[in-house]
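To start, the structure under review is shown below, and the notes come after it.
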Number of protein chains: 2
Amino acid sequence: MATDSNAHILVVDDDREIRTLLSRYLAKEGYRVTTAADGREMRKAIDDWAIDLVVLDLMLPGEDGLSLCRSLRARSELPVIMLTARGDEIDRIIGLEMGADDYLAKPFNPRELHARIRAVLRRAGSLDRGERGSDVRFGDKPEVLVFEGWRLDLSARELTSPDGLLVPLSSGEYDLLVAFARHPTRVLSREQLLDLARGRDAQPFDRSIDVQVSRLRRKIERDPRDPRLIKTVRGGGYVFTPTIEKF
Amino acid sequence: MATDSNAHILVVDDDREIRTLLSRYLAKEGYRVTTAADGREMRKAIDDWAIDLVVLDLMLPGEDGLSLCRSLRARSELPVIMLTARGDEIDRIIGLEMGADDYLAKPFNPRELHARIRAVLRRAGSLDRGERGSDVRFGDKPEVLVFEGWRLDLSARELTSPDGLLVPLSSGEYDLLVAFARHPTRVLSREQLLDLARGRDAQPFDRSIDVQVSRLRRKIERDPRDPRLIKTVRGGGYVFTPTIEKF
DNA sequence: GCCGTTTGTAACAGGCTGTTACACAATTAC
DNA sequence: GTAATTGTGTAACAGCCTGTTACAAACGGC
């Protein structure tokens with residue numbers, strides 16, 4: 001489990017000033033932070049990164065925070081802390097009924113937010129790598145991903161080869177493969193892969209993804225020296241080339 | 001992923017003074033900059049270059065900024081920052097609802113613009129070579145380009161010859177071929193090719209495109225000494241001569 | 001606590017890319 | 001027409017990037 005201070009927080013607020021303020025403060029506290037200005041960006045960020053917790057403004061242009069929160073909740077366990085401009089008790093109740101894990105009225109002390117983030121993360125607690133970075137939060141994504149004859153069972157954390165043989169994967173190999181299979185035909189940087197599969201930031205000269213890719217290829221590529229499923233993009237990262245047939 | 005300061009910004013404003021002002025400032029900050037005075041020029045620039053972000057004036061002669069922004073958004077993920085003469089809250093909301101990523105009221109401090117560009121680029125984040133330089137931003141992006149019997153699979157990053165053989169391409173050769181195949185029957189300058197395929201500016205006496213073209217020809221031309229697919233235009237650049245049948 | 005497994009780091013080998021240099025082709029000047 | 005000039009093709013090299021292996025540390029089951 002990622003430590004609290006290592007968690008990846010998504011701040012969703014239309015006010016740029018608040019975004020940068022929170023971003024700086026939370027980064028200083030050791031969190032990884034991504035920001036979004038509206039629902040569309042929020043979904044993209046959740047799609048692209050392994051978000052652990054969302055700080056969501058109640059008032060947003062377009063889709064408002066409450067309906068975003070509800071749509072998040074309908075499909076995932078992703079913790080949400082709501083922000084609102086007024087301290088109305090009504091808003092608070094609505095916010096919590098919409099499934100938010102906690103609630104904070106503006107203006108607030110950043111330390112207060114930090115305290116609530118810690119509390120919510122501790123409560124959410126049981127997050128594991130298999131659920132982190134999950135696309136399943138949006139839409140009815142399946143429990144099994146099928147590609148090129150392979151079957152990746154997300155419930156059982158099992159990979160079955162086209163021959164029907166169970167291929168044993170280490171936990172890290174599995175997480176990496178899930179990260180790939182959830183973002184097919186897209187160049188993923190080593191940084192993104194680290195975040196999606198490990199939930200951590202890259203260190204200088206970090207080669208761990210390269211090595212893990214190599215180990216994964218050994219198990220899933222017909223010819224690891226001429227990989228077809230996971231291709232290298234020099235200077236860019238890696239691409240998972242198959243398209244996913246979902247079941 | 002291109003670093004922020006390496007990104008290619010398109011400034012769309014009918015006021016020539018503002019164009020040159022912004023152009024100079026952003027160039028000084030390390031961005032590649034192209035300008036356009038109206039919607040037509042904007043589309044041409046997006047067509048010709050690998051634009052990473054558009055700074056778009058709300059008020060334009062002919063098609064106005066809002067509808068341009070909407071039409072951009074309908075077909076692509078290209079980030080947009082809107083400029084407007086007045087700081088009306090109404091404009092702001094409309095701008096963001098039209099899909100702009102951020103909004104700035106004139107008169108503004110160039111540093112403020114720079115800050116927002118950085119923020120938007122960071123958020124857009126997942127830019128990669130496969131998506132950059134896409135001609136297909138206007139229209140549906142096909143997954144496979146077919147020409148003269150060749151098959152260029154954009155998902156698998158694979159090239160198949162008319163004989164059905166898989167032709168191994170290096171990452172750089174692939175990127176260059178994609179740049180060509182997305183701009184067929186059109187003379188592309190070395191500078192444009194560098195931008196489309198590598199996402200960088202040319203340095204004085206830069207011959208890297210020539211060398212890469214030579215390497216690519218060796219793999220795809222029947223007779224590399226008498227190239228038919230990629231022809232040289234003396235003093236102009238290169239043309240990819242086949243027409244593309246999209247699937 | 002012991003032992004097998006998994007993961008990160010270091011080291012090396014090989015491939016890819018940009019640069020340079022030179023040969024040759026196209027164009028221009030005379 | 002010839003010579004000078006400019007532009008292009010490609011070989012060779014150096015540096016960087018990536019794949020793989022080996023090893024040590026960390027982890028987990030018993």
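Remember, predicted model here, so these are calculated numbers, not experimental data. Each chain gets a letter, A, B and so on, in the order its sequence line appears, and its residues count up from 1.
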Hey, does B:Arg218 reach any base, or is it just sugar-phosphate, or nothing, if we go heavy atoms under 4.0 Å? sugar-phosphate
Is any N or O donor-acceptor pair between the side chain of A:Arg215 and the base of D:dG19 shorter than 3.5 Å? no
Between the side chains of A:Asp210 and A:Arg207, is the shortest nitrogen-to-carboxylate-oxygen separation below 4.0 Å, so that they form an ion pair? yes
Passing candidate, side chain to side chain contact (heavy atoms under 4.5 Å, CB included) with B:Tyr238, options B:Leu216, B:Val233, B:Val213: B:Val213
Looking across every strand, which nucleic acid part, if any, lies under 4.0 Å from A:Arg207 by heavy atom: base, sugar-phosphate, or nothing? base
Separation of C:dA26 atom C1' from B:Asp210 atom CG, nearest Å, is 15 Å
Can you check whether A:Ala50's main-chain N or O pairs, donor with acceptor, with A:Asp195's side chain at less than 3.5 Å? yes
Out of D:dG7, C:dT19, C:dT6, minimum distance to the side chain of A:Ser170 belongs to C:dT6
Any base atoms under 4.0 Å from B:Ser208, or only sugar-phosphate, or nothing? Heavy atoms, all strands. base
Examine distances only and state if a side-chain atom of B:His183 and a backbone atom of B:Asp47 form a donor-acceptor pair shorter than 3.5 Å. yes
Residue A:Arg198, side-chain atoms from C-beta onward, closest of C:dT17, D:dG9, C:dG8: C:dG8
Give B:Val211 one of three labels, base, sugar-phosphate or nothing, depending on what nucleic acid heavy atoms sit under 4.0 Å from its own. base
Short side-chain N/O contact to D:dC17 OP1/OP2 from A:Arg190, under 4.0 Å: no
